[in-house]
Amino acid sequence: MAQAKIKPRAEDYAQWYQDIIQHADLAEPAGVVKGCMVIKPHGYAIWEAMQADLDRRFKATGHKNAAFPLLIPMSFLEKEAEHVEGFAPELAVVTHAGGKELEEAYCIRPTSETIIGHFFAKWIDSHRDLPLLINQWANVMRWELRTRMFLRTSEFFWQEGHTAHATHDEAKEEVARMLDVYRDFAREMMAMPVVRGIKSAHERFAGALETLTIEAMMQDGKALQSGTSHDLGQNFGKAFDVTFQNAEGEREYVWQTSWGLSTRMIGALIMTHSDDDGLVLPPRLAPIHVVIVPIYRKDEERDAVLEAADRIAADLRDDGLRVEVDKRTGMKPGAKYYEWERKGVPMRLEIGPRDLEQRAVMSKMRLAELDERGRPMKETLPWDGLGVEIGKRLDRFQEELYERALKMREENTHLVDTWDDFVAAFEGSKSSFVYAHWDGTTETELAIKEATKATIRCIPLEGEGPPPEPGKCIKTGEPSAQRVLFAKNY
RNA sequence: CGGGGUGUGGCGCAGCUUGGUAGCGCGUCCGCUUUGGGAGCGGAAGGUCGAAGGUUCGAAUCCUUUCACCCCGACCA
């Protein structure tokens with residue numbers, strides 16, 4: 001295990017982020033494949049927890065999983081003009097296979113709208129076939145110029161939902177519904193508050209009529225686009241001839257949507273909750289809820305302590321908790337404490353001879369207050385009803401993480417009305433969430449980015465951000481219907 | 001892709017200017033003593049110095065090329 005200290009956030013946020021990933025043993029750069037990473041077991045377990053919950057939510061909203069080819073004929077991409085323009089620069093292309101050059105090159109999927117569009121055309125014939133609600137869990141590849149672990153790697157894992165509907169209204173409902181699924185997932189599982197909104201034309205998905213997004217604030221004030229839901233209109237329907245016969249017997253193009261959320265969320269988790277001591281995980285996504293550290297001096301003590309630890313672990317597992325007993329020898333308890341804290345385990349139990357006598361355990365939460373002597377506060381919990389008590393504390397911890405993240409965001413969210421204040425808000429490497437008026441043009445959006453590096457993260461949906469009120473564009477003074485969210489972003 | 005930086009045992013680094021065949025800390029393995037907030041002592045293992053060429057009697061060190069990673073941009077989930 002690495003021994004060098006985690007770089008404090010205040011000194012070098014980027015280095016801190018790298019250190020957390022290494023010290024928590026989440027992933028490492030592949031090295032032998034540019035821009036790709038190996039997600040290690042502790043990191044992958046977090047993704048599996050995310051997948052399990054999202055999959056349940058997708059199925060609860062009527063979606064079914066399917067799998068489409070990794071390789072897509074190049075000609076498919078070219079069928080939708082904006083789509084190919086958006087993705088062409090970052091495609092990895094397969095030109096040879098089976099020892100000879102292919103007649104038509106394949107690209108490794110950067111996203112699957114095109115190949116799924118092709119199959120939708122085969123599968124959909126009648127309005128009775130609609131809506132068609134499909135999700136795919138997959139890896140995709142986009143040859144990014146600058147990569148950062150979890151946030152932007154050449155290969156990444158995600159889910160992509162693809163649906164086809166008979167009417168635009170139905171499709172728009174789906175787009176909004178799935179955005180809310182993402183919002184709820186972020187809130188309930190990740191303990192991460194998000195702002196829902198609409199992407200500006202410039203930030204929209206290549207080939208979409210409209211892109212909805214959830215944007216989260218990271219600890220350094222930058223925004224992270226955390227999930228997107230696209231209204232594809234009939235663009236792909238027309239490109240792939242996906243048509244159906246309506247109730248009146250007329251042939252119509254379908255209305256499609258797509259929506260995705262990726263392993264980037266692990267990066268979001270890190271930058272939302274973790275601290276200078278290591279990873280901090282919300283209990284609902286933690287691969288291990290509780291680690292039990294047995295403490296003993298003599299062999300007799302050892303047997304009794306381990307027996308009790310195993311029994312408690314078994315009881316807690318029966319209560320639905322994910323528990324690990326750290327039986328490693330030759331390692332002092334303190335060393336184990338530090339290691340599990342680096343890995344983000346929400347709660348630790350210590351059990352030793354003293355506890356055996358009292359029929360109790362010592363418990364310590366990952367984010368514990370310090371006492372007068374600067375030591376983390378611990379709490380004695382009796383064996384009776386232990387699972388219930390731990391459950392309560394984990395639930396409270398989950399909620400505290402959310403409250404803490406929300407507070408952090410609110411303290412770093414501002415309404416700005418003058419250009420000078422706007423520039424000051426993004427001076428140097430500073431970032432925060434700034435709600436300001438914008439005249440609605442891409443030209444102004446780009447000028448603001450050029451001057452401040454801040455971009456429009458989204459046009460907030462109703463109920464998000466400040467109440468809509470007309471005003472004047474921060475840059476041009478032209479009329480604006482509502483404030484939009486500006487921030488630097490990952 | 002432009003600019004900058006870095007590649008030396010699992011991790012963190014020194015050595016490079018002034019070439020002489022690799023060292024430190026942590027970790028790992030074995031033994032004994034330890035174990036309620038990062039253990040101590042003794043012994044041991046582990047490295048084609050990112051890769052390929054070149055210069056040289058001799059290259060971690062000098063030259064060329066290349067690969068990867070990190071940071072700042074531009075591009076993007």
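Throughout, a chain's letter reflects where its sequence line sits, starting with A, and its residues are numbered from 1.
- Judged by distance alone with a 3.5 Å cut-off, no donor-acceptor contact links the side chain of A/Arg375 to the base of B/rG36.
- Here B/rA77 presents its P atom at 16 Å from CE of A/Met218, a figure rounded to the nearest Å.
- Comparing B/rA74 with B/rG38, their P atoms are spaced 46 Å from each other, to the whole Å.
- The nucleotide whose nearest atom lies closest to any side-chain atom of A/Thr153 is, among B/rG37, B/rA77, B/rC70, B/rA77.
- Computed from coordinates, the A/Lys34 NZ to B/rC1 P distance equals 8 Å when rounded to whole Å.
- Residues that satisfy the salt bridge (charged side-chain N to carboxylate O under 4.0 Å, His left out) test with A/Glu357, not counting sequence neighbours, are absent from this structure.
- A/Lys327 has no side-chain polar atom (N or O) that falls below the 4.0 Å cut-off from OP1 or OP2 of B/rU35.
- Among B/rG12, B/rA77, B/rG37, the nucleotide with an atom closest to any side-chain atom of A/Tyr338 is B/rG37.
- For the pair A/Asp310 (side chain) and A/Glu307 (backbone), a donor-acceptor distance under 3.5 Å is absent.
- Put simply, A/Arg297 has no side-chain N or O that comes within less than 4.0 Å of OP1 or OP2 on B/rG36.
- Ranking B/rC71, B/rG37, B/rA39 by closeness to the A/Glu341 side chain, first place goes to B/rG37.
- Distances shown here put a side-chain N or O of A/Lys332 below 4.0 Å from the OP1 or OP2 atom of B/rG36.
- A donor-acceptor pair is defined here as one N or O able to donate and one able to accept, closer than 3.5 Å; no such pair exists between the side chain of A/Arg366 and the backbone of A/Gly344.
- Side-chain atoms of A/Glu339 stay outside donor-acceptor range of the base of B/rG37, with no qualifying N/O pair under 3.5 Å.
- For the pair A/Arg152 CZ and B/rC71 C1', the computed distance is 15 Å after rounding to whole Å.
- Summarising the geometry, the separation between CG on A/Asn489 and P on B/rC75 is reported as 10 Å, rounded to the nearest angstrom.
- Between A/Phe240 and A/Phe76, the ring planes lie perpendicular to each other; the angle is over 60°, past the 30° to 60° tilted range.
- Separating the P atom of B/rC24 from that of B/rA45 is a span of 13 Å, rounded to the nearest Å.
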One pair to check against salt bridge (charged side-chain N to carboxylate O under 4.0 Å, His left out): A/Glu155 and A/Lys34. What are the steps and the verdict? CA-CA 10 Å; A/Glu155 179 188 26; A/Lys34 187 182 173 70; over 6 Å; no

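- Of the possible donor and acceptor atoms, one in the side chain of A/Glu80 sits under 3.5 Å from a partner among the backbone N and O of A/Glu82.
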Pair pattern of RNA chain B in dot-bracket, where unpaired bases get dots and | marks partners in another strand, Watson-Crick or G-U under 3.5 angstrom: ((((((((.[[[[.)....(..]]]].((((((.....)))))).....[[[[[..)....]]]]])))))))....

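- In this structure, the side-chain hydrogen bond (donor to acceptor under 3.5 Å, both in side chains) partners of A/Trp137, at least two apart in sequence or on a different chain, are A/Asp55.
- Checking B/rU35, B/rC76, B/rG37 against every side-chain atom of A/Glu90, the shortest atom distance belongs to B/rC76.
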